[in-house]
Amino acid sequence: QVQLVEAGGGLVQAGDSLRLSCVASGRPFINYATGWFRQAPGKEREFVAGISWSGSTTYYADSAKGRFTISKDNGRNTGYLQMNKLKPEDTAIYYCAAEQSPFVLTTESEYSNWGQGTQVAVSS
């Protein structure tokens, strides 16, 4: 198992940027595909972005395309989600997830390792 700790959330205004980080410990991060999910109040958790274990392949939800960038630094055991042009509808708790797979994974059920989440709030 790998342990994940997210950071970088906060309260920002619409149009601002945030960079979330996900620090992994316990196992070599290079062996893990990672993903970011979010859960808004009253809604189910949804996929935002995913990246393969090598970092060479990425996939985004339509809501994230063109605004968010997922990346990972295997040497630092850290994953990132750069979020630009934030909108009020991006307000949610953001979760990092990881799974031993070379592929990009896009559904909750494919991940067995989760962080505790970090809150992002975007005001209009």
Side-chain angles (χ1 to χ4, degrees):
Q1 294 293 326
V2 64
Q3 290 75 49
L4 305 171
V5 178
E6 303 98 330
L11 173 62
V12 298
Q13 293 187 330
D16 286 351
S17 298
L18 278 175
R19 188 175 78 157
L20 306 183
S21 62
C22 172
V23 178
S25 61
R27 294 293 178 98
F29 199 44
I30 193 170
N31 295 331
Y32 286 80
T34 63
W36 288 91
F37 291 75
R38 67 185 183 187
Q39 187 167 21
K43 296 187 177 181
E44 294 186 353
R45 189 155 56 182
E46 64 177 5
F47 170 80
V48 176
I51 190 166
S52 60
W53 68 12
S54 68
S56 62
T57 306
T58 58
Y59 188 81
Y60 297 91
D62 288 344
S63 59
K65 287 179 183 176
R67 298 188 301 126
F68 294 2
T69 302
I70 188 172
S71 62
K72 66 193 304 258
D73 184 337
N74 288 326
R76 295 179 181 271
N77 278 1
T78 302
Y80 302 97
L81 184 68
Q82 177 68 42
M83 304 188 295
N84 299 328
K85 300 178 183 179
L86 283 161
K87 305 174 182 179
E89 51 263 44
D90 294 319
T91 295
I93 299 174
Y94 283 71
Y95 297 91
C96 173
E99 185 60 38
Q100 282 190 294
S101 171
F103 307 114
V104 178
L105 307 176
T106 63
T107 64
E108 282 190 68
S109 62
E110 293 177 296
Y111 290 94
S112 58
N113 302 283
W114 292 83
Q116 82 290 349
T118 185
Q119 176 72 55
V120 171
V122 184
S123 64
S124 57

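If you read the sequence from its start, that first residue is 1, and numbering goes on from there.
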Q: Could you walk me through whether K72 and F29 pass side-chain contact (heavy atoms from CB on, under 4.5 Å), step by step?
A: CA-CA 9 Å; K72 66 193 304 258; F29 199 44; 3.7 Å; yes
Q: If I take atom CG from residue L81 and atom CD from residue E6, how far apart are they, to the nearest 0.5 angstrom?
A: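 These two atoms lie 11.0 Å from each other.
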Q: Measuring from I93:CD1 to T118:OG1, what's the distance to the nearest 0.5 Å?
A: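 Rounded to the nearest 0.5 Å, the CD1-OG1 separation comes to 9.0 Å.
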Q: Classify the side-chain pair S112/E99 by whether it contains a donor and acceptor separated by less than 3.5 Å.
A: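 Indeed, the side chains of S112 and E99 share at least one donor-acceptor pair under 3.5 Å.
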Q: Using a 6.0 Å cut-off, check whether atom CZ of R67 has over 12 heavy atoms from anything other than its own residue.
A: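 For R67, atom CZ is crowded (more than 12 foreign heavy atoms under 6.0 Å).
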Q: In Å and rounded to the nearest 0.5 Å, what is the OG1 to CE distance from T69 to M83?
A: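 So the gap between those two atoms works out to 11.0 Å.
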Q: Please report the closest heavy-atom contact between S124 and A14, naming both atoms and the distance.
A: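 So the two residues come closest at CA-CB, 4.3 Å.
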Q: Do D73 and T78 have side-chain N/O donor and acceptor atoms under 3.5 Å apart?
A: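 No donor-acceptor contact under 3.5 Å links the two side chains.
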Q: How far apart are the C-alpha atoms of S71 and Q82, what are their side-chain angles, what is the distance that settles it, and do they pass the side-chain contact (heavy atoms from CB on, under 4.5 Å) test?
A: CA-CA 8 Å; S71 62; Q82 177 68 42; over 6 Å; no
Q: Restricting to non-hydrogen atoms, name the atom on Q3 and the atom on Q1 that form the minimum distance, rounded to 0.1 Å.
A: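 Shortest heavy-atom separation between Q3 and Q1 comes out as NE2-O, 3.9 Å.
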Q: What I'd like to find out is whether the side chain of F68 reaches to under 4.5 Å of the side chain of N84, using heavy atoms alone.
A: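 In short, these two side chains do not touch, never coming nearer than 4.5 Å.
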Q: Flag yes if more than 12 heavy atoms outside Q116 fall under 6.0 Å of its CD atom; otherwise flag no.
A: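 Atom CD in Q116 is packed in, count exceeds 12.
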Q: Are any non-hydrogen side-chain atoms of F37 and E46 less than 4.5 angstrom apart?
A: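 Heavy-atom side-chain distance check fails, nothing below 4.5 Å.
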Q: How close do I70 and Y60 get, heavy atom to heavy atom, and via which atoms?
A: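 Nearest heavy atoms, I70 then Y60: N-OH, 2.9 Å.
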Q: Side-chain heavy atoms under 4.5 angstrom apart, residues restricted to Ile, Leu, Val, Met, Phe, Trp, Tyr: same cluster for L20 and V12?
A: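 Same hydrophobic cluster.
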Q: What about L105 and W114, same hydrophobic cluster or not, with Ile/Leu/Val/Met/Phe/Trp/Tyr joined at side-chain heavy-atom distances under 4.5 Å?
A: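 Per the 4.5 Å side-chain linkage, L105 and W114 are co-clustered.
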Q: As a quick check of understanding, evaluate side-chain contact (heavy atoms from CB on, under 4.5 Å) for V120 and L18, giving each step before the final call.
A: CA-CA 9 Å; V120 171; L18 278 175; 3.9 Å; yes
Q: Between T91 (side chain) and V122 (backbone), is there a donor-acceptor pair under 3.5 Å?
A: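 At least one qualifying donor-acceptor pair exists.
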Q: For S52 and S56, work out which heavy atoms get closest and say how close.
A: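 What the structure gives for the nearest pair is OG-N, 3.3 Å.
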Q: Please find out if less than 6.0 Å separates the ring center of W36 from that of F47.
A: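 No, too far apart.
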Q: Give me the atom names and distance for the closest heavy-atom approach of W53 to A33.
A: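 Minimum heavy-atom contact is CB-N, 3.8 Å.
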Q: Quick one: OG on S25 to CG on L4, what's the gap to the nearest 0.5 Å?
A: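 If we round to the nearest 0.5 Å, S25:OG and L4:CG are 7.5 Å apart.
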Q: Whether the side chain of N74 engages the backbone of N31 through a donor-acceptor N/O pair (distance < 3.5 Å, no angle test) should be reported.
A: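 No, N74 side chain to N31 backbone: no donor-acceptor pair under 3.5 Å.
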Q: Ion pair present between K65 and D62, side-chain N to carboxylate O less than 4.0 angstrom?
A: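 Yes, this pair counts.
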Q: SG of C22 to OH of Y94: how many Å apart, nearest 0.5 Å?
A: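 These two atoms lie 15.0 Å from each other.
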Q: To the nearest 0.5 Å, tell me how far R38 CZ sits from Y95 OH.
A: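 OH of Y95 is found 13.0 Å from CZ of R38.
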